[in-house]
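Below is one structure; the comments refer to it alone.
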Amino acid sequence: MKERYSLHAQGIVQGVGFRPFVFNLAERLGLSGWVLNSSAGVFMEIQGDAAACAEFRHILQSQPPPLARIDCLICTQIPILANESGFHIKESATGVRQTLISADMAVCQDCLTDLADPHSRMYRYPFVNCTNCGPRFTIIGDIPYDRANTTMKDFPLCDDCARDFADPHNRRFHAQPIACPACGPHLSFIQAKTGKLIAGDPLQLAASWLRQGKILAVKGLGGYHLACDPFNQEAVCLLRQRKNRYDKPLALMAASLTAAEKICIFNNNEKDLLLSRRRPIVLALRRPQGLAVAEAVAPGNRRLGIFLPYTPMHHLLLQSFDALVMTSGNLSDEPIAWEDEDAFYRLSALADAFLTHNRRIYRRCDDSVAVWAAGAPRLLRRSRGYVPEPLPVADQGDLLALGGQQSNTFCLLRQGQGFVSQHIGDLDDVATYEDFRRQIQDFCRIFEVKPQIVVYDKHPQYVTTRYAQESGLPLLSTQHHHAHLASVLAEYGLKESVLALIFDGTGYGDDGALWGGEVLLGDRSHYTRLAHLAYTPLPGGEMAIRQPWRMAMSYLSAAIPEQELDGVAEICHWPRPWSLLWQATKGGVNAPLSSGMGRLFDAAAAIAGFSGQIRYQGQAAIFLEHLAWQDQSQGAYVLTLTKQGLIDWRPMFQEMLRDKRQGVSPPVMAGRFHRSIANLAVELAICFSRETGVRRLALSGGCWQNLWLLEHVYPRLQKLGFSVYANRAVPVNDGGLALGQAAIGAAYLAGNRE
Ligand code: ZN
Ligand code: ZN
Ligand code: FE
């Protein structure tokens with residue numbers, strides 16, 4: 001008995017080998033019909049035995065190709081056709097853009113086998129790929145995903161590639177980026193100083209320059225890296241100096257899992273993360289007595305950021321190394337370089353030579369960063385390998401959410417799907433802001449979204465505020481920490497109210513102060529502020545964020561009699577003009593009020609021994625966390641909660657100062673401080689859940705990147721019977737704000753429709 005069905009698949013179904021999979025499956029089951037790619041998804045018609053048709057549907061849903069994600073499959077029975085023979089792949093059609101673009105995926109095992117096989121025409125070819133692997137998001141200029149819409153259109157196929165491309169039985173059937181040494185892109189090695197091509201095998205040249213301690217700019221998937229030998233202290237220091245990046249850890253690319261395990265320790269979960277096709281940088285503990293990388297790679301850090309090769313070129317380059325430093329190709333805060341001309345302009349002073357190639361990168365995409373903590377993989381930066389896969393947001397409505405000023409990502413919402421952008425960076429930098437504008441336009445075009453509103457952070461000084469006001473769209477502003485709360489709701493699909501412990505640096509508050517140590521009760525539409533850290537001034541405004549001793553001065557001044565300050569300045573080594581600064585602060589000159597938890601950590605770090613300037617976000621807190629992990633003692637300081645919902649930190653600073661005067665060691669002080677914050681979190685949860693009856697707890701804000709804190713608080717709250725939700729899919733830092741803003745905006749639009 002013959003039957004015929006029409007099927008429509010939506011989700012990640014293009015550029016992932018979906019059509020050849022369907023073709024081969026239909027052929028195997030003896031079905032006739034066709035498959036068609038369109039910008040609204042994949043359409044199929046199948047005809048044959050009822051049992052075979054059922055089997056087809058079953059396999060499509062239960063075992064789709066490895067990179068595919070079917071979000072929706074609609075199947076309707078239709079009348080059978082007479083005289084149909086064979087199964088065909090039809091030409092792509094255009095239409096409404098419902099289809100998703102796959103993220104860039106690491107080279108697959110089959111392609112690695114080709115890469116190592118002297119009899120394969122892909123032998124040692126740095127751009128080998130197939131329908132199951134390779135570049136996607138970074139080379140796609142438009143959809144549908146066809147070669148003509150990617151940067152691979154520069155390379156007409158040779159006869160061999162054309163044959164593989166057209167053969168439905170071949171692994172490279174309709175692999176849009178297919179290429180080989182005869183027709184595809186190739187590597188070149190260029191001296192930075194002269195801009196001249198150096199003759200020879202580019203990979204061998206690169207390896208030998210690296211071995212000599214040189215610094216290379218290496219063109220990868222989503223941009224350029226700067227590479228050097230991580231076991232050569234001089235080379236690493238030189239790289240830092242040229243890049244103007246001090247202290248902030250540099251990522252390592254290890255040749256293989258075996259090589260990575262010589263440097264770090266991985267549990268099974270961390271191994272899975274490291275080996276995943278998405279290939280994030282994984283923060284892992286150093287192996288005691290392991291292969292020691294140069295001190296300058298990650299000074300004073302117990303973890304290293306480590307990842308594995310994800311392009312065939314990386315695999316070939318790493319063959320002669322255990323690991324290489326692979327850090328983003330930029331000067332400190334600028335965006336990573338991705339266009340060749342710009343890269344030569346900006347990186348020729350930083351690198352000695354370029355290992356580059358002639359496949360254009362359509363859009364930049366930095367490496368993602370992940371950590372396994374409190375029972376889950378958590379993204380600290382969501383970018384290459386993850387973007388542009390959408391995250392579901394409960395409500396409908398098309399909108400644009402702009403994110404925050406630091407670690408910026410933005411989010412486009414289309415019919416309940418949140419397209420969170422790749423990591424854009426700190427918008428204080430002019431070039432980064434330009435890129436922010438460009439990427440928004442690009443996202444609106446390829447996902448064909450016409451936003452109904454623009455959602456942005458209330459902070460009057462964020463450039464996103466100006467962008468929103470100039471956009472001409474209806475405006476919706478959100479409070480920073482409400483957006484952090486909502487990012488958790490969005491991730492977990494929660495519509496109910498939650499109690500949120502938002503431990504953050506600074507965000508603009510409703511009263512004009514800088515908030516950041518907040519207990520909020522709220523859902524996506526509303527929130528109330530139940531408690532917060534007592535305010536203290538930031539002496540000198542922004543400067544207080546860069547110089548932690550200023551915060552120590554601010555808190556201690558409130559905690560002890562003024563006449564004792566002199567002595568404290570001495571033992572804490574505050575710079576000379578501290579008293580002038582203190583007078584100005586007392587007089588309210590450039591001294592905005594803050595309830596930021598990040599600032600509390602800064603002050604504690606300064607008292608425990610952190611001196612000097614902060615050179616990257618969270619540096620003082622990371623210093624303190626590092627110390628806390630070394631502490632084996634017990635005990636904590638006291639923080640009290642007043643009836644008015646103020647968290648009083650004065651007793652804590654009095655005790656810390658007593659410890660300092662008595663010569664208590666920095667690790668013990670750091671341990672006590674961390675335990676006090678953990679106790680505070682637990683007490684706040686107990687107190688306010690009793691008061692409100694809410695047992696769902698959200699943890700968000702940048703301070704939760706502190707793994708000591710997360711790993712001590714999370715299990716305690718769970719043991720007390722709370723349902724605990726902390727960010728996983730988007731960063732707990734400001735990289736997750738945009739998703740939260742999108743959720744608030746969607747709820748707002750839904751409310752307006754009712
Ligand atoms: Zn492959
Ligand atoms: Zn070819
Ligand atoms: Fe924040």
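One-based numbering, in listed order, for ligands and for the atoms of each. Note: hydrogens, waters and symmetry copies are ignored here, and every other heavy atom, side chains too, is used.
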- prompt: Which is it for Val35 and Phe18 under the side chain to side chain contact (heavy atoms under 4.5 Å, CB included) test, yes or no, and what are the steps along the way?
  reply: CA-CA 10 Å; Val35 56; Phe18 199 82; 5.5 Å; no
- request: Give a yes/no verdict on a cation-pi contact between Arg384 and Tyr310, requiring under 6.0 Å between NZ or CZ and the six-membered ring centre and an angle within 45° of the axis.
  value: yes
- prompt: How many degrees, to 10°, between His480 NE2 and His484 NE2 as seen from the Fe ion (ligand 3)?
  reply: 100°
field: Qualifying residues under ring-ring contact (aromatic ring centres under 6.0 Å, His included), relative to Tyr508, sequence neighbours excluded
entry: His459
message: Tell me if the aromatic rings of Phe673 and Phe601 count as close, with their centers under 6.0 Å from one another.
response: yes
message: Applying ring-ring contact (aromatic ring centres under 6.0 Å, His included), can you list everything that pairs with Phe688, at least two apart in sequence or on another chain?
response: none
- request: Specify whether Phe165 and His174 have parallel, tilted or perpendicular ring planes, treating 30° as the upper limit for parallel and 60° as the lower limit for perpendicular.
  value: parallel
Shell of protein N/O/S atoms around the Zn ion (ligand 2), taken as anything under 2.8 Å: Cys158 SG, Cys161 SG, Cys180 SG, Cys183 SG
Arg279 with Asp367: basic N within carboxylate O range, under 4.0 Å: no
- prompt: Is any protein N, O or S atom closer than 2.8 Å to the Zn ion (ligand 1), and if so, which?
  reply: Cys108 SG, Cys111 SG, Cys130 SG, Cys133 SG
- request: Decide whether a cation-pi geometry holds between Arg529 and Trp515; the criteria are a distance under 6.0 Å from NZ or CZ to the six-membered ring centre and an angle within 45° of the ring axis.
  value: yes
message: Quick check on side-chain hydrogen bond (donor to acceptor under 3.5 Å, both in side chains): which of Thr506, Asp426, Asp428 does Gln406 satisfy it with?
response: Asp428
- request: Take the Fe ion (ligand 3) as the vertex and measure to OD1 of Asp734 and OD2 of Asp504; round to 10°.
  value: 170°
message: Taking the ring centre of each residue, are His481 and Phe503 less than 6.0 Å apart?
response: no
